[in-house]
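Have a look at the structure below, then the notes.
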There are 2 protein chains.
Amino acid sequence: MANIKEVALKAGVSTSTVSRALSGKIFVDPETKKKVLQAVRELNYQPNALAKGLKEGRTKTLGLIIPNLHNLLFPAAIRGITDIAKKHGYTVVLCNTDEDLETEQLYVENLRMRSVDGLIFSTATAASSHIVKLKEEGYPVVLMLRHLNEKLDSIIIDNFQGAYRATRFLIDRGYRRIAIINGTLGLDLYRQRFLGYQAALADAGLALDETLVVYDTAGWEDGYQAMLDLWERGGQPDAVVATSDPKALGVIKAVKERKLRVPEDIAVIGYDNLDMSELMDPPLTTMAQPFYEVGTKAAERVIKLINGKGKLKPVIEKLEVKLLVRGSVGYGKAFHGD
Amino acid sequence: MANIKEVALKAGVSTSTVSRALSGKIFVDPETKKKVLQAVRELNYQPNALAKGLKEGRTKTLGLIIPNLHNLLFPAAIRGITDIAKKHGYTVVLCNTDEDLETEQLYVENLRMRSVDGLIFSTATAASSHIVKLKEEGYPVVLMLRHLNEKLDSIIIDNFQGAYRATRFLIDRGYRRIAIINGTLGLDLYRQRFLGYQAALADAGLALDETLVVYDTAGWEDGYQAMLDLWERGGQPDAVVATSDPKALGVIKAVKERKLRVPEDIAVIGYDNLDMSELMDPPLTTMAQPFYEVGTKAAERVIKLINGKGKLKPVIEKLEVKLLVRGSVGYGKAFHGD
DNA sequence: CTGAAAGCGCTTACAG
DNA sequence: CTGAAAGCGCTTACAG
């Protein structure tokens, strides 16, 4: 590939002039500029971004660290990020950690070495002292979806409210034995959802029944198994709050296999609003999360940090979830009209 | 961040020695090495990858261009790529084009400027002369999944065979009016699937009935609509080959809504084997594609090209699909035992 | 308005 | 075994 020297030679000017003609930041004689652009075209010249980055001390690149590409919520957030990044002239480098802390640290080092200008994390673990350290060094960092820390800018979803509203909706519809099939309490988002569930029960004067609580599930297979466990324990739920759509679908499968009906015998509400959830049989009632918006906000925030040289105070932004009512929830025995 | 000069100063050696002590390629006195490593640790030094890349003429980075992150097949392929990349010390830069050719060209330019060592494409369009041009310049390029071109290394799936076997399976099970709900013929993969479908019919002595063919569908909504269209036209299918799982699920939804049963009234076979397909009601019979393996092979190939300086002849590798028989296909009227 | 020169942070022949 | 120097390809004060 041609370099700036060859362009300068062909255009009969100095490399400084080529650089200026291309950057547009400093005035260059129109005639000279024309010659330069002509040479650029003939040689198919493209400036070397490594050299440019080395000189300028920035690369116009954002690093994005994601725990699991298979989790259907990330693609939407990623799209939000890349859309904003593109608008501001940034490229996004995506790293998938497979929920592994060591891999995450490796990628962080790698991205730092590559002089990535800012980092967006959806981190696997709560602790992650290496992230806080990055921030302390003045490195622009934004947390997304998974966890929050008062020292770090975070774009998250109001998980407490989401679970509260889901549970409250079931109560209002007349359900009383409401089970929750939750994820790991190692993640703040699942702790918040559990708290929301508890608060909704408490506000309605219902006692928390531990036989109706399942922890540490992930994926539809776990949802299916969790439902079997609930029956095994004699939990007798008339409704289930699943903390993800796949888990909700696993629950529905279990209910159908037992020859029970959704929602007549057991109502099910999910969390995520995946593409597929609407086409299910019955269509899944769920809490829709604004993933795309999370992505755009995270990208906007990290770009702001980059431009502000990290002197801004951390901002924690919580986005609302939306209840989508579909066929998987009906009316329970305690329902007496609105 | 500390640079090599500060490390050299602290360790009381030259920058050359620091570089050598860290690279390990040239022998350095163990005592000296110890001093260097000590200084590195104290300063938390990490070599600047831009400077290194600029000097060495390579960046140990692979570019990956994907048309659509929402398409559930890509995450599996991406994981295959990143796993191999990691093993060889490469980082992967992911770009999502949203099926837009202009965006694709922009990313290609960008990745080239960044001195990415090799590129893996799953390209939106068949033409893409900019890709062929890259190859002609000696740039390591591998095509994946979407399209092939004799001049370019490609890792693809045997789509002809896949559709042939799906159709053949339905015929063997006694179905005779087999519809196909296909994607755009602009993509080679859908052309191949259509040809496989036709060949299976022809081999069984069945005529191709155009009222049973729907083109240009994508996503479950289209599958749903396509099924309505088939009935509208009076196609009267007893089985449907859908060229993706989401489309198959849309078909099943339409069948159920018409109060018909799958597979008793209409059998359905999909293509992809998404995570969710097994939990559907009924579980979806489908052609499983080895996406992870496609990813690993593509990454291995591009790394081989990088090391071979592009002097290798293009290799086109076709991987087999696997028929997974589940509840959505039963036995048709023409079935007379095995 | 333009050029010569310095420098970003590395690596690596070239000497010794 | 180690150091001084050149150079990767840019950008940008500094002169003029």
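Only this structure's heavy atoms are used, side chains among them; waters, hydrogens and symmetry mates stay out. Each chain gets a letter, A, B and so on, in the order its sequence line appears, and its residues count up from 1.
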| request: Taking only Lys NZ, Arg NE, NH1 and NH2, and the carboxylate oxygens of Asp or Glu, determine whether A:K87 and A:E300 approach each other closer than 4.0 Å. | output: no
- Task: Begin from the C-alpha positions of A:R146 and A:D188 and carry the test side-chain contact (heavy atoms from CB on, under 4.5 Å) through to its verdict.
- Result: CA-CA 7 Å; A:R146 280 295 186 96; A:D188 187 62; over 6 Å; no
Atom CZ of B:F27 and atom P of C:dT12 are separated, to the nearest Å, by 19 Å
note: B:E6, atom CD; C:dC8, atom P; distance rounded to Å ~ 11 Å
Short side-chain N/O contact from A:N3 to OP1 or OP2 of D:dG9, under 4.0 Å:
yes
note: B:I26, atom CD1; D:dG3, atom P; distance rounded to Å ~ 13 Å
Among C:dA5, C:dC10, D:dG9, the one nearest any side-chain atom of B:I4 is C:dC10
Atom CG of B:L54 and atom C1' of D:dG9 are separated, to the nearest Å, by 5 Å
- prompt: Can you check whether B:V294 reaches B:L319 side chain to side chain, under 4.5 Å on heavy atoms?
  reply: yes
Any strand, both distances under 3.5 Å, Watson-Crick or G-U wobble: D:dG3 pairs with C:dC14
From CZ of A:R20 across to P of C:dA4 the rounded distance in Å is 11 Å
Task: Verdict with supporting geometry, A:R114 and B:T61, side-chain contact (heavy atoms from CB on, under 4.5 Å) - done: CA-CA 10 Å; A:R114 284 165 200 271; B:T61 308; 2.4 Å; yes
Is B:S19 near enough to C:dT12 that one of its side-chain N or O atoms lies under 4.0 angstrom from OP1 or OP2?
no
Value for OH (B:Y45) from CD (B:E6), rounded to nearest 0.5 Å, stands at 10.0 Å
Picking from D:dG3, C:dC1, C:dT11, the nucleotide nearest the side-chain atoms of B:E56 would be C:dT11
(message) Counting only side-chain nitrogens and oxygens, does A:T15 get under 4.0 Å of the OP1 or OP2 atom of D:dT11?
(response) no
Whole-Å distance, B:K5 NZ to D:dG3 P, equals 16 Å
- What does A:T32 touch in the nucleic acid at a heavy-atom separation under 4.0 angstrom: a base, only the sugar-phosphate, or nothing? sugar-phosphate
Quick note, B:D29 side chain, CB onward, closest among D:dT12, D:dA13, D:dT2 is D:dT2
Of the candidates D:dA4, D:dG7, C:dA6, the side chain of A:K55 sits closest to C:dA6
Contacts of B:A51 and B:T17 projected onto DNA chain C by closest heavy atom; the upstream (5') one is B:A51
Rounded to whole Å, the CZ-C1' distance (B:R114 to D:dG9) equals 16 Å
Taken to the nearest whole Å, CZ/B:R112 to P/D:dC10 is 12 Å
